[in-house]
Amino acid sequence: MDAILKIEGVTKSYTGHVALDDVSLEVPRGAVYGLLGPNGAGKTTLIRVITRITMADSGRVLLDGKPLKAEDVYHIGYMPEERGLYKKMRVGDQAIFFSRLKGLDRREAERRLRIWFDRLNIADWWNKRVEDLSKGMAQKVQFISTVVHEPKLLIFDEPFSGFDPINANLLKEEILGLRDRGATVIFSTHNMASVEEICDHITLINKSRNILSGAVEDIRRAAGGNMFEVVHRASDEVLVAALGSHAMAVGDSCGIVGGYRSVKIHIPKDEDVRSVIAALNDRCELRSLREVMPSMNDIFIRAVNGTL
Amino acid sequence: MNKLYLIVSREFSERVRKKSFIIVTLLMPLFMIGMMLAPSLIMLYGGSEQKQVVVVDRSGIVADKLYSGPEVTFILEDEMSKAEACNIYNAESGIFGVLYIGSTIEARDSVQLITNSSSSMAIEENISRQISKIVESEKLRAYDIENLDEILASVKTDIELSTFLNDGTGEEATMESTSSGMNYILGLVLGMLLYMVIIIYGQMVLTSVVEEKASRVIDVMVTSCTPFQLMMGKILGIASVAITQIAIWALLVIGASKFIVPAVFATDVTAMSDTMLQTLVGTFGDTTYIAMLFCYLLLFIVGGFLLYASLYAAAGSAVDSVQDGQQFNTVIMLPIIFAMIVMTSVFNDPNSPMVLWASLIPFTSPVVMIARIPFGIPTWEIVTSLVLLYASFIVTTWLASRIYRVGIFMHGKRPSWAELWRWLKS
């Protein structure tokens, strides 16, 4: 795997508690990478280690295979969870200031910012003061300031907090767009719906440790335990007989529209799904069979409770 | 370098565009004029309300000669005993107090002022001066001199001392006229100005660092530039605001010196009756001298500010709120306050050893030296003081930046001195 960022055995402790305990992970180039975990798990600390705001006690952070240096951070786009904007400054001036700090010249910065402001429907705010903005508004400004210089690596700490569903969706689209244009995106969140929709990979941090890492599809499939949903028109007895030793129904069928009934079945790992379909198709007037994967929300809760 | 420039210009343009900056810049000269006029204004209007004092005079020579002035009126109550007077004219009566004069005035405890509330220096002075005068003239009268009053009036003398700086010739036409009165006022105003600029702008650095830290702008900033650039950018940005402000004041005063003073006081200055006004107009009409003073002022203000600003920045970086910063703030202010105290003794002797040292040692030098400059001191002292000041600015900035780069990332309780020391060494 071509990893843009590698974290190897990072440990960080503050007086009296360990914030990160031997955390390792790899962020594939071009991925949208979710850092999940309950409040206080250490997500933000990990992000602050990556941005060199906090120094790790031990372990390494590698960017493109080389240890991360102070100058590297200048090429990362970082949006902290608590919005870091100068309150008294006007929105446009502020965005230009941050863009120029990241190396854009004034005209280019303004050109790009105007485009972004239009895209996020905030063009009218150019001359407003930050202190007059709502939290969600300020967040959009912060988002634009973070991405305007088109960094290769973007890090967002809780990007969706403070957004209504419409704007959260807008932001999601923009994050995916950034990925499509070649950026790698890391973000922390506990909004699981957003994880399913946009993350390719995740790491779940709980109590300062990395307890689950990998591609979202793999994780959900692994956690799913080969559960399938069958929609059919037979009685339960017929269905169970049809399944025979191929698979096992979990619970009874329940009726859904059009006289069809739905039931969950478990197909053992070594069983060929096709033989189950064949058996059901013969006797049960099979309408559909699909794999049931647990939601990230379930996985999150089960992983944190240690029941995964 | 480009980033430093960006940070400096942001600090600068955000601050000079504020209404408060414009207002303060325009009002400060008025305030300073007020400061210069304050002593005479206080003399005119500052006296508190007139006090009433009941006089019980057993000697029989004082009471009717006491003069009631704007400060105090005397009410004669010769019929009463001291105890009666004290009893009647108690705190409820609204009377300031009872003046009791025993039969032998010069005996110990013979003249007593028994007040209903705390006494006042001015009134004590007034009463004892009056009584001394009355007794003196009574004694003179005892010699039975003819035309005593005329003699006393003709004896009264008031000498005016003209002071010059020795140029070796002894000719008053060539020698520079000096006036410690004028120097005093100039020194005081300049010293105060410097003191205020350092404190106000220094606090601005502290507040601004704390705000940047609390609003987490700092998190975004440090992923764009180094903590040192951030700190220096802030300090230099605020310094450039201070320079702008003083340059505006300088232009106002120099403009007044060049155009307004000659226009208003078109007549020959030496023909003026009031010597104080004469020196005032003479000094402020001397545009080159005023411009030179402002140059020194600027050099010392910038040096003094830079020296202290880095300390304020370090203090701001170590705390989470401005309130938490107060403890460090107080410690930083101690040398400046000490400098103010030393400054007042400049006016007694601008060349005493303590004053000389205080005007060379960096932490006190800006305030003390600027107060000495109007008295005319050797250039080498000024240059030495400036060199030391700017050299130590580099040292404090280096030390402060070591605390700063750790402090800005620390949240939670205020660090102890020991922790700061650890950050310094890390």
Side-chain angles (χ1 to χ4, degrees), chain A residues 14-17 44-45 47-55 68-90 93-106 109 129-131 138 141-143 145-146 148-149 151 153-157, chain B residues 1-21 204 207-230 233-234 237-238 241 317 320 404-413 415-416 418-419 422-423 426:
Chain A
Y14 296 106
T15 38
H17 89 115
T44 297
T45 306
I47 287 177
R48 289 166 73 90
V49 167
I50 299 171
T51 52
R52 290 178 66 94
I53 289 172
T54 302
M55 289 299 141
L68 187 78
K69 294 188 299 294
E71 304 83 69
D72 294 335
V73 175
Y74 305 154
H75 306 298
I76 294 177
Y78 166 53
M79 181 166 95
E81 181 186 5
E82 287 170 80
R83 304 309 160 215
L85 294 172
Y86 290 104
K87 291 194 186 69
K88 305 274 179 202
M89 237 176 142
R90 289 184 195 283
D93 291 348
Q94 177 134 232
I96 289 182
F97 171 67
F98 282 128
S99 318
R100 292 178 74 193
L101 264 187
K102 288 290 192 184
L104 296 182
D105 68 54
R106 174 181 276 280
R129 282 179 202 286
V130 171
E131 59 191 347
V141 177
Q142 182 108 50
F143 177 78
S145 309
T146 311
V148 70
H149 64 293
L153 181 59
L154 283 160
I155 301 176
F156 303 113
D157 200 350
Chain B
M1 214 51 212
N2 186 31
K3 286 183 180 175
L4 185 64
Y5 163 76
L6 272 174
I7 297 166
V8 170
S9 59
R10 191 202 77 85
E11 286 289 337
F12 178 77
S13 63
E14 282 302 305
R15 282 171 202 282
V16 294
R17 279 191 292 179
K18 271 191 196 163
K19 279 199 200 77
S20 57
F21 173 80
M204 212 181 267
T207 315
S208 162
V209 170
V210 171
E211 268 171 14
E212 220 162 63
K213 192 180 166 187
S215 69
R216 306 285 176 139
V217 181
I218 208 120
D219 288 10
V220 179
M221 293 298 290
V222 293
T223 55
S224 311
C225 63
T226 63
F228 186 76
Q229 284 171 331
L230 200 52
K234 184 161 291 295
I238 293 178
V241 177
S317 75
D320 280 342
Y404 182 87
R405 72 199 165 133
V406 182
I408 47 172
F409 300 125
M410 294 288 173
H411 292 277
K413 79 172 183 47
S416 64
E419 270 169 295
R422 248 199 329 276
W423 296 356
S426 68

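Here is how names work: the chains are called A, B, and so on, in the same order as the sequence lines, proteins then strands, and each is numbered from 1.
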Just so I know, are the side chains of [X] and [Y] near enough to count as touching, which here means a heavy-atom distance under 4.5 Å?
{"X": "Tyr86(A)", "Y": "Met221(B)", "answer": "yes"}
{"X": "Met55(A)", "Y": "Val49(A)", "answer": "no"}
{"X": "Arg129(A)", "Y": "Met89(A)", "answer": "no"}

- Engaged part of Leu85(A) at the chain B interface, taking heavy atoms whose separation is under 4.5 Å: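 The backbone, not the side chain.
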
- Could you have a look at Val222(B), Ile218(B), Val220(B), Thr223(B) and say which one has the most heavy-atom pairs with chain A under 4.5 angstrom?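 Between Val222(B), Ile218(B), Val220(B), Thr223(B), the count favours Thr223(B).
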
- Task: Could you pull out the closest heavy-atom pair between Leu154(A) and Pro151(A), with the gap in Å?
- Result: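 Scanning both residues, the minimum pair turns out to be CD2-CG, 3.5 Å.
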
- Indicate the atoms forming the closest heavy-atom contact of Trp423(B) with Met410(B), along with that distance.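 Result for this residue pair: CZ2-CG, 3.6 Å.
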
- Using a heavy-atom cutoff of under 4.5 Å, enumerate the residues of residues 96-103 of chain A that contact chain B, numbered in order, or state 'none'.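 Heavy-atom contacts from residues 96-103 of chain A to chain B are Phe97(A), Phe98(A), Arg100(A), Leu101(A), Lys102(A).
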
Name every donor-acceptor pair, under 3.5 Å, that has one atom in a side chain of residues 68-81 of chain A and the other anywhere in the protein, sequence neighbours excluded.
| from | atom 1 | to | atom 2 | distance (Å) |
| --- | --- | --- | --- | --- |
| Asp72(A) | OD2 | Lys69(A) | N | 2.8 |
| Tyr74(A) | OH | Thr226(B) | N | 3.4 |

- Query: How far does CG of Asn2(B) sit from CD1 of Ile7(B), to the nearest 0.5 angstrom?
  - Reply: 10.0 Å

- Check step by step if side chain to side chain contact (heavy atoms under 4.5 Å, CB included) holds for Phe156(A) and Ile47(A). CA-CA 9 Å; Phe156(A) 303 113; Ile47(A) 287 177; over 6 Å; no

- Item | Residues in residues 8-18 of chain B near chain A [non-hydrogen atoms, under 4.5 Å] |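 Within residues 8-18 of chain B, the residues that come under 4.5 Å of chain A (heavy atoms only) are Arg10(B), Glu14(B), Arg17(B).
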
- Message: For residues 207-216 of chain B, give me every residue with a non-hydrogen atom less than 4.5 Å from any non-hydrogen atom of chain A.
- Response: Glu212(B), Ser215(B), Arg216(B)

- Query: So Val141(A) and Val130(A), side chain to side chain contact (heavy atoms under 4.5 Å, CB included) or not? Walk me through it.
  - Reply: CA-CA 9 Å; Val141(A) 177; Val130(A) 171; 5.6 Å; no

- Query: Does a salt bridge link Asp219(B) with Arg48(A), judged by any charged N lying under 4.0 Å from a carboxylate O?
  - Reply: yes

- Message: What part of Ile408(B) gets within 4.5 angstrom of chain A, counting heavy atoms only: side chain, backbone, both, or neither?
- Response: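 Contact with chain A is absent: no heavy atom of Ile408(B) under 4.5 Å.
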
